[in-house]
*Asks:* 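Can you keep this structure in mind? I'll have questions shortly.
Labels below follow one simple rule: chain letters A, B, ... track the order of the sequence lines, proteins then strands, and each chain is numbered from 1.
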Amino acid sequence: MYEKLIHHIVADCKELFNADVQPIVSRPDEQFGDYACNVAMQLAKELGQNPREIAAALREKLQVVDGVKHVEIAGPGFINIFVEDEVLVGDASNISPYQHHEGKEVLVEFGNFNPLKTVHLGHLYQTVVYSAIARLFERSGATVHTISYHGDVGMHIAKAIWAIGEEVGWKPQDLKALEDGEESDVSMRNMKTIFGSYYAKGNEAYDADSSAAESIREVNRHIYDRDNQAVNDIHALCVKRSMQYFDTIYDELGVSFEKHYMESETAPIGTEVVKKNIGNVFEESDGAIIYKGEKDDLHTRVFLNSEGLPTYEAKDLGLIELKRRDYPGADKSVIITGNEQQQYFKVMLAALKHIHPEEAAKTEHMTHGLLSLTTGKMSSRTGNVFGAQSLMDATRAAVSKAFVDSEVQRDIYLAALKYTFLKSRIGGDIVFDVQESVSLEGNSGPYIQYAYARARSILRKKAASEDEITGLEADERSLVRKISEYEEVLEKATKERLPHHICTYLYELAQKFNAFYEKNRVLEHEREAQRLGIVHFYAEVLKDGLETLGIPAPEKM
RNA sequence: GCCCGAGUAGCUCAGUGGAUAGAGCGUCUGGCUUCGGACCAGAAAGUCGGGGGUUCGAAUCCCUCCUCGGGUACCA
């Protein structure tokens, strides 16, 4: 109905006033109607007419639209539209009407876990956000290619490799301890601790000892040039182990990737691209190759440093070349990073515009905020920060304590974890309380899962029939009206790339149903058939919404 | 300094040009042998950072100031 109304209003404004409008049709407070439009007030100034008169003219037109019951004009000129019950029931029963990205090929990429580094909360958050965005595109009909990008080169890697190399005397065959570890979850975590301590060791030496710093820089060059067997072997082993460890986290989260790209692959290609464009895009300055962003109202950034090594900027250009090679048919390329890279990306994309303008045009960079904890003292004395693994463990523990006998603890755990991250708007920083994130009450993932399980429980007792739902009572109508909003919510979430709209809606819907259910019987009631039908629609929306967010919807809890 | 972003109830957040600014947590009051109480009903709690402006209408747009975060050439 929503799209139909917009269509009618556009046509009517054209016909009546010869005006081109982009009307906003909203779902007002229930007392004002099922849909509301403010186009009359927008047009009032343009036409020099009284908004209520404009509204009155539109009202005549809208009143005869099929499915519209009546139209009221309120306040300064709101057009409030009341529709027939069947319209709401129809919309409530149709949960996948919009396919905005049908036939489109979309790449969704994020730069995430870096080999040899610990996985912290921000990485976990980013992973959950990323997979929800990818699902939104999928849900709206796109073919989505999921891509991850990992920093396996750079000073942080060089520091760790140097420390390992020093310890084993640069004989990688002595790395038995690393190679032979069992690949169980626990041993993978140990591996991360081991890598972390090597990194710390290398970092310390780099700051304290200038000769160590020089040899670390040398290791760094070897990593780029791949010209030292010992460095290559240690590097390969460390990356392999790290990626195995990351896979355990991805598996746990139910996230998967079509392709992983590594900076070691993108670096040489990016370097090539930059070198090829010196003179027309890039220029030399103080021994480095830079892009002057000032001509685009941005700032200058280094693409190749004075040692000739590519910075992240050049590597990113290399990654774009790889994506062009691997996905020539992509219509859109979405990249998700933290806010701090916002201005950096503008410069990189400005440079890209000179190299591949069409690629720059289809690239969309979206950013998310920082994650922090309310209780700042989550790091223990030993220096272990409260990382991704700690949060996952804490959440899992809370779930197994609260749902001792449940067969779906994993599903509930995923709901608690993911919903915590997804319920806030993407973009701003998020401060959260571990206790609250682990909470299973109120506005939480498990609350919505529970709502679904309750609905399924009713439907197990008696299945919804195919009977028509007619003669809605006030409470029923109100619930159906809410269910019918789902398609609009989905559309909004997809267009704005903001999954939290779905969370907000699902929570409101579940609350509304719970309130209805509290005072109205479903089974063994004279309107049982109709009510079972409504419960069925409600359950379908909850399930679809949860799954779009990447959260499972178990039948029983 | 310059360039971004943020500031809404005690805390964490929705609301981003519309009608009395909404939730969760916390506090207080009530409701469970009941279709699943992991729930529901209700109360208290707000100068929407301050000030100015645009508009029929501003938490939302513009200007300005304050506070915090980020970026600002060889980190990502």
*Asks:* Any side-chain N or O of A:H299 under 4.0 Å from OP1/OP2 of B:C4?
*Replies:* no
*Asks:* Rounded off to whole Å, could you give me the CD1-to-P distance for the A:I430 and B:A6 pair?
*Replies:* 14 Å
*Asks:* Does A:R301 make a side-chain N or O approach to OP1 or OP2 of B:U72 shorter than 4.0 Å?
*Replies:* yes
*Asks:* If you measure only the distance, is there a donor-acceptor pair under 3.5 Å linking the side chains of A:E283 and A:Y291?
*Replies:* no
*Asks:* Distance between the P atoms of B:A9 and B:G70, in whole angstroms?
*Replies:* 23 Å
*Asks:* Students often mix this up, so state it plainly: with edges at 30° and 60°, are the rings of A:F246 and A:H150 parallel, tilted or perpendicular?
*Replies:* parallel
*Asks:* If the C1' atom of B:C35 is compared with that of B:C28, how far apart are they to the nearest Å?
*Replies:* 31 Å
*Asks:* Expressed in angstrom and rounded to an integer, what is the separation of A:N38 atom CG from B:C56 atom P?
*Replies:* 15 Å
*Asks:* Search all heavy atoms of A:P115 against all heavy atoms of A:G151 and return the closest pair with its distance.
*Replies:* CD-O, 3.6 Å
*Asks:* B:A73 P sits how many Å from A:Y344 OH, rounded?
*Replies:* 15 Å
*Asks:* Looking at B:A41, I'd like to know if its phosphate oxygens (OP1 or OP2) sit under 4.0 Å from a side-chain N or O belonging to A:K519.
*Replies:* no
*Asks:* For the pair made of CD1 in A:I458 and P in B:C39, what is the distance, rounded to whole Å?
*Replies:* 16 Å
*Asks:* Taking OP1 and OP2 of B:G37, is either one under 4.0 Å from a side-chain nitrogen or oxygen of A:R454?
*Replies:* yes
*Asks:* Please check the phosphate of B:G36 (OP1 and OP2 only) for any side-chain N or O of A:R456 closer than 4.0 Å.
*Replies:* no
*Asks:* State whether the aromatic ring of A:Y312 stacks on the base of B:C75, taking stacking to mean ring centres under 5.5 Å apart and ring planes under 30° to each other.
*Replies:* no
*Asks:* So, does A:Q511 get its side chain near the phosphate of B:G24, meaning an N or O under 4.0 Å from OP1 or OP2?
*Replies:* yes
*Asks:* Round to the nearest Å and state the distance from A:K346 atom NZ to B:C4 atom P.
*Replies:* 7 Å
*Asks:* In Watson-Crick or G-U wobble terms, both distances under 3.5 Å, what is the partner of B:G1?
*Replies:* B:U72
*Asks:* Run the ring-centre check on A:Y419 versus A:Y447 and record whether the distance is less than 6.0 Å.
*Replies:* no
